[in-house]
Amino acid sequence: MIRMSRIKKVYDTGKVSFEALRGIDLDVKENEYIAIVGPSGSGKSTLMNLMGCLDTPSDGEYLLEGKRVNTLTSNQLADIRNGMIGFVFQAFNLLPYASSYENVELPLLFSGMRGKLRKNRVIEVLNKVGLGDKLANKPTELSGGEMQRVAIARALANDPKLILADEPTGNLDTRSGMEIINIFDELWQSGHTVIVITHDVNIAGRCQRIIKLKDGMIHNGNGDPEK
Ligand SMILES: Nc1ncnc2c1ncn2[C@@H]1O[C@H](COP(=O)(O)OP(=O)(O)OP(=O)(O)O)[C@@H](O)[C@H]1O
Ligand SMILES: [Mg+2]
């Protein structure tokens, strides 16, 4: 599904440039469950942004389902994101004045799903994360764990093959964090490819494979499962 070869990412800020990724080789097969770990600043979010087509590499080649991502236009990247990738972030990133229903509906509006079909889909994914009774609640009227579940429902709306999560339990207590991880387990079991950045060893231990980043490079090779 994902094939990265010699991927580099250089950030240019004014006069200084910083090489955040320094040659990443990484293959991810369909329906893998992967944790990305490593110290702060090691390039985890940078790598995820590239995987998720939120950004493009400075060097190297990225093939996503056989498509060369490097050469796509920003519109083509947006289409890929909306069609096959679901994002979950540490800070939830929900629209503050919109209800759970409206937050989850948004990506379906973007993808052009209409009427009853759209309504049913919103309710279906909110039920899936156990929030069928909180459709009208705004983020301020939800707990942290519930907000993250709305964010997951939003990520699932378009039934993406690939779920990317950047520290999804970083702002949650242990119990809410476990609920979120249980949802990721279920998504993996139902066939999604799930990639989670985490500092939490309990979460990493649930995954099939752990990728360790350090100073912009992978430090455990590719493919050796470390459970
Ligand atoms: N937009 C940017 N412009 C310049 N430098 C950046 C930018 N984004 C990230 N960096 C730098 O690239 C390096 C890697 O950042 P990244 O966010 O990928 O780290 P991380 O592993 O996700 O860290 P954390 O665990 O703290 O989230 C850091 O040194 C960071 O300062
Ligand atoms: Mg990060």
Side-chain angles (χ1 to χ4, degrees), residues 2-28 32-62 64 69-70 72-74 77-78 80-81 85-94 144-145 147-148 151-152 154-155 160 162-174 176-178 180-181 183-184 187 193-222 224 226:
I2 285 177
R3 170 155 289 176
M4 290 185 153
S5 323
R6 304 175 314 279
I7 288 287
K8 292 186 181 176
K9 181 67 193 180
V10 180
Y11 289 115
D12 284 307
T13 28
K15 283 184 197 137
V16 283
S17 66
F18 181 80
E19 203 173 21
L21 295 176
R22 304 190 293 143
I24 299 284
D25 291 308
L26 178 63
D27 283 357
V28 177
E32 277 202 272
Y33 192 10
I34 296 181
I36 299 178
V37 303
S40 182
S42 56
K44 303 182 297 296
S45 297
T46 300
L47 179 60
M48 184 153 286
N49 289 344
L50 294 181
M51 284 176 170
C53 301
L54 289 164
D55 204 353
T56 48
S58 313
D59 199 5
E61 183 174 68
Y62 177 21
L64 179 60
V69 171
N70 302 56
L72 299 180
T73 65
S74 58
L77 293 173
I80 291 184
R81 286 198 303 271
I85 305 174
F87 295 94
V88 180
F89 299 100
Q90 178 172 0
F92 319 136
N93 297 7
L94 298 174
M147 282 192 254
Q148 193 60 300
I152 293 174
R154 180 185 56 187
L162 176 61
I163 315 268
L164 298 176
D166 193 344
E167 294 280 356
T169 63
N171 282 342
L172 302 177
D173 61 52
T174 313
S176 316
M178 280 322 291
I180 297 303
I181 291 312
I183 294 174
F184 285 127
L187 291 173
T193 307
V194 181
I195 306 181
V196 187
I197 294 178
T198 183
H199 283 116
D200 185 331
V201 288
N202 293 320
I203 296 173
R206 304 273 279 264
C207 298
Q208 293 172 299
R209 175 145 74 108
I210 300 177
I211 293 168
K212 292 183 184 146
L213 275 186
K214 196 170 167 243
D215 299 329
M217 294 198 286
I218 292 177
H219 272 257
N220 56 346
N222 192 9
D224 47 357
E226 307 199 359

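No hydrogens, no waters, no symmetry mates; every other heavy atom, side chains included, goes into these values. Order of appearance sets the numbers: ligands from 1, and atoms from 1 within every ligand.
Residues Lys44 and Pro39 come closest through the heavy atom pair NZ-O, 3.0 Å. The two atoms that bring Glu32 and Asp27 nearest to each other are OE1-O, 4.0 Å, heavy atoms only.
Considering both main-chain and side-chain atoms, Thr13 never comes within under 3.5 Å of ligand 1 through any nitrogen or oxygen pair.
Ranked by closest heavy atom to atom 23 (O) of ligand 1, the top entry among Pro39, Gly41, Ser17 is Gly41.
Note: Glu167 CD to Ser45 OG = 7.5 Å, rounded to the nearest 0.5 Å. With rounding to the nearest 0.5 angstrom, the CG atom of Leu26 is 9.5 Å from the CD1 atom of Ile7.
The protein heavy-atom contact nearest to atom 27 (O) of ligand 1 is Ser45 OG, 4.0 Å. Of the protein's heavy atoms, Tyr11 CD2, 3.4 Å lies nearest to atom 2 (C) of ligand 1. For atom 25 (O) of ligand 1, the closest heavy atom belonging to the protein is Lys44 NZ, 2.7 Å. Among protein heavy atoms, atom 26 (O) of ligand 1 sits closest to Ser40 OG, 2.5 Å.
Residue pairs meeting the side chain to side chain donor-acceptor pair (under 3.5 Å) criterion with at least one partner in residues 10-21, sequence neighbours excluded, are Tyr11-Thr46.
Per-atom contact check: atom 30 (C) of ligand 1 does not touch the protein, criterion being a heavy-atom distance below 4.0 Å.
The contact set between ligand 1 and Ala20, taken as ligand atoms under 4.0 Å from a residue heavy atom, comprises 12 (O), 13 (C). Set against the non-hydrogen atoms of Thr46, the atoms of ligand 1 under 4.0 Å away are 14 (C), 15 (O), 16 (P), 18 (O). Listed by atom number, the atoms of ligand 1 under 4.0 Å from His199 heavy atoms are 25 (O). Of all atoms in ligand 1, numbered sequentially from 1 with element shown, those under 4.0 Å from a heavy atom of Phe18 are 12 (O), 13 (C), 29 (O).
Side-chain contact between Lys9 and Ile24: absent, with no pair of heavy atoms (C-beta onward) separated by less than 4.5 Å.
Each of Leu172, Thr174, Ile180 was compared with Ser176 under the side chain to side chain contact (heavy atoms under 4.5 Å, CB included) criterion, and only Leu172 meets it. Applying the side chain to side chain contact (heavy atoms under 4.5 Å, CB included) test between Asp25 and each of Arg6, Met4, Met217, Arg3 identifies Arg6 as the sole match. Each of Ile163, Leu164, Ile183 was scored for a side chain to side chain contact (heavy atoms under 4.5 Å, CB included) with Val194, with one residue passing: Ile163. With Leu64 as the partner, the side chain to side chain contact (heavy atoms under 4.5 Å, CB included) test is satisfied by one option alone out of Leu50, Val28, Val69: Val69.
Not one N or O on the side chain of Asn70 forms a donor-acceptor pair closer than 3.5 Å with the backbone of Thr56.
Under a 4.0 Å heavy-atom criterion, Ser42 is in contact with ligand 1.
The 12-atom threshold is exceeded at CZ of Arg22, counting heavy atoms of other residues, nucleotides or ligands nearer than 6.0 Å.
Protein nitrogen, oxygen and sulfur atoms, that is N, O or S, within less than 2.8 Å of the Mg ion (ligand 2) amount to 1.
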